[in-house]
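This report concerns only the one structure given below.
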Amino acid sequence: MNTLMGNLAQTLDCGQCFRWDRLQDGTWEGVAYGRYLHITEENFSDVLRDPFWADYFDMGTDYAGIRAGLCEKDSTLAEAAHYAPEIHILRQEPWEALCSFILSQCNNIKRIKGMAARLCRAYGRNIGNGRFAFPEAETLALADEGDLRALGFGFRAPYVISAAKSVAQGRIDFKALKVMPLKEARDVLTGLSGVGPKVADCTLLYGLHKMDAFPMDVWMKRAMKVLFPGKDPSWFGPYAGVAQQYIFHYSRHHPELFQCA
DNA sequence: GTCCAGGTTTTTA
DNA sequence: TAAAAACATGGA
């Protein structure tokens, strides 16, 4: 489907975000930075003329160039990139990315989206028409663990509150993390309870747009073993994060590749 | 009922 | 150090 909406779907449906939904008519709606957006084939080009959304959808980055560079490295990587070539890495809110991926552990994407929706409804600012912003860290720092467990968060509840407190109190400073080298920033984030290397790398890639971050979840571990034996994330270079997203999306849609893994 | 889901922490050997 | 087990919940 080589349409604007088809291209957009690759970005919104590749597992990097949890606050966007495809409606029955194929249009998309979601909330970011407290702004609601409904995207249709008709309004899409206008949306991208809005500097705010153009930045959110990362329209200023040369993905064609990045993709070409990655495709030259390896034919398997080229095949993965070809499966969803129009994927962009969204510029999500750092706290939303950190919090969402804390929720993602030992969980599936559908349920993560439901949990994020309940969190926003319970603690986020009402932006009208039954829609809610992602809650501020300052708000969740004051939340009750039992209340979060009542939302179905399970063992993740204390992790969310603990991380929220660290952000609210400035012990985690996203502006500082943004300009740190990857490894250093990862070490800071993994100091949080409930944040290991995978959640840290998701935060760095999706929330702080560090393109060299390479989140290693179960799918990526399988993919590395089967599709890229002997290689490690640094082999993919400064845009490893984009490669990761191609491979993750491709792998999830080709589970038969890993039946013997 | 059993298994698994974009992990991490705690316990055990 | 490294491998299990525990951590909660809901859907298949």
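Every chain is numbered from 1, with letters handed out A, B, ... down the list of sequences. Fair warning: this is a prediction, and the values are worked out from it, not measured in the lab.
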What distance, rounded to whole Å, do you find between the two [atom1] atoms, one in [N] and one in [M]?
N	M	atom1	value
B/dT8	C/dG11	P	24 Å
C/dA12	B/dG1	C1'	13 Å
C/dG10	B/dT9	C1'	23 Å
C/dA4	B/dG6	C1'	22 Å
B/dC3	C/dA5	P	14 Å

May I have the distance from [X] (atom [atom1]) to [N] (atom [atom2]), rounded to whole angstrom?
X	N	atom1	atom2	answer
A/Lys113	B/dA5	NZ	P	19 Å
A/Asp217	B/dC4	CG	P	16 Å
A/Met220	B/dG7	CE	P	13 Å
A/Leu189	B/dG7	CG	C1'	15 Å
A/Phe101	B/dT8	CZ	C1'	16 Å
A/Lys221	B/dC4	NZ	P	16 Å
A/Ile112	B/dG7	CD1	C1'	11 Å

Problem - Side-chain heavy-atom pair A/Leu205, A/His209 within 4.5 angstrom cut-off - result: no
Practice task
Using side chain to side chain donor-acceptor pair (under 3.5 Å) as the criterion, list what pairs up with A/Gln92, not counting sequence neighbours.
Solution key: none
Problem - For A/Val179, the rest of its hydrophobic cluster, which grows through side-chain links under 4.5 angstrom - result: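 None, because no other hydrophobic side chain comes under 4.5 Å of this residue.
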Exercise for the section: May I ask you to list the residues sharing a hydrophobic cluster with A/Leu142, side-chain cutoff 4.5 Å, ordered by chain and number? Expected result: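 For A/Leu142, no cluster forms, as it stays isolated from other hydrophobic side chains.
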Exercise for the section: Could you tell me whether A/Gly15 contacts a base, only the sugar-phosphate backbone, or nothing, with contacts defined as non-hydrogen atoms closer than 4.0 Å? Expected result: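 Base, at least one base atom sits under 4.0 Å.
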Practice task
Just call it for A/Leu192: base, sugar-phosphate, or nothing, with non-hydrogen atoms closer than 4.0 Å on any strand.
Solution key: sugar-phosphate
Handout entry: Check: A/Phe236 ring centroid to A/Phe214 ring centroid under 6.0 Å
Key =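 Ring centres of A/Phe214 and A/Phe236 closer than 6.0 Å.
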Exercise for the section: Output yes when A/Lys210 and A/Asp201 qualify as a salt bridge under the 4.0 Å nitrogen-oxygen rule, no when they do not. Expected result: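 Between A/Asp201 and A/Lys210 there is no salt bridge, as every charged N stays at least 4.0 Å from the carboxylate O atoms.
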Handout entry: Lys/Arg-Asp/Glu bridge criterion (N-O < 4.0 Å) met for A/Asp217, A/Lys221
Key =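 Salt bridge flag = no for A/Lys221 with A/Asp217.
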Practice task
Report yes or no: is the cationic atom of A/Arg19 (NZ for Lys, CZ for Arg) under 6.0 Å from the centre of the six-membered ring of A/Phe134, at an angle within 45° of the ring normal?
Solution key: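 A/Arg19 over A/Phe134 ring: no.
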Problem - Toward the 5' end of DNA chain B, by each residue's nearest nucleotide, A/Tyr206 or A/Ser193 - result: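 Counting from the 5' end, the first nearest nucleotide belongs to A/Tyr206.
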Practice task
Determine, stepwise, if the pair A/Tyr206 / A/Gln245 fulfils side chain to side chain donor-acceptor pair (under 3.5 Å).
Solution key: CA-CA 10 Å; A/Tyr206 306 125; A/Gln245 204 57 40; 2.5 Å; yes
Problem - Under 4.0 Å protein heavy-atom contacts per nucleotide of nucleotides 5-12 of chain C, with B for base, S for backbone only and - for none - result: --BBBS--
Donor-acceptor pairs are to be reported for all side-chain atoms of residues 25-32 of chain A against protein atoms at under 3.5 Å, with residues two or more places apart or in another chain.
unit_1	atom_1	unit_2	atom_2	d
A/Asp25	OD1	A/Thr27	N	3.0
A/Asp25	OD1	A/Thr27	OG1	2.7
A/Thr27	OG1	A/His38	NE2	2.8
A/Glu29	OE1	A/Tyr36	OH	2.6
A/Glu29	OE1	A/Arg131	NH2	3.4

Practice task
Within residues 233-255 of chain A, find the residues that approach DNA chain B with a heavy atom at under 4.0 Å, and present them sorted by residue number.
Solution key: A/Gln244, A/Gln245, A/Phe248, A/Arg252
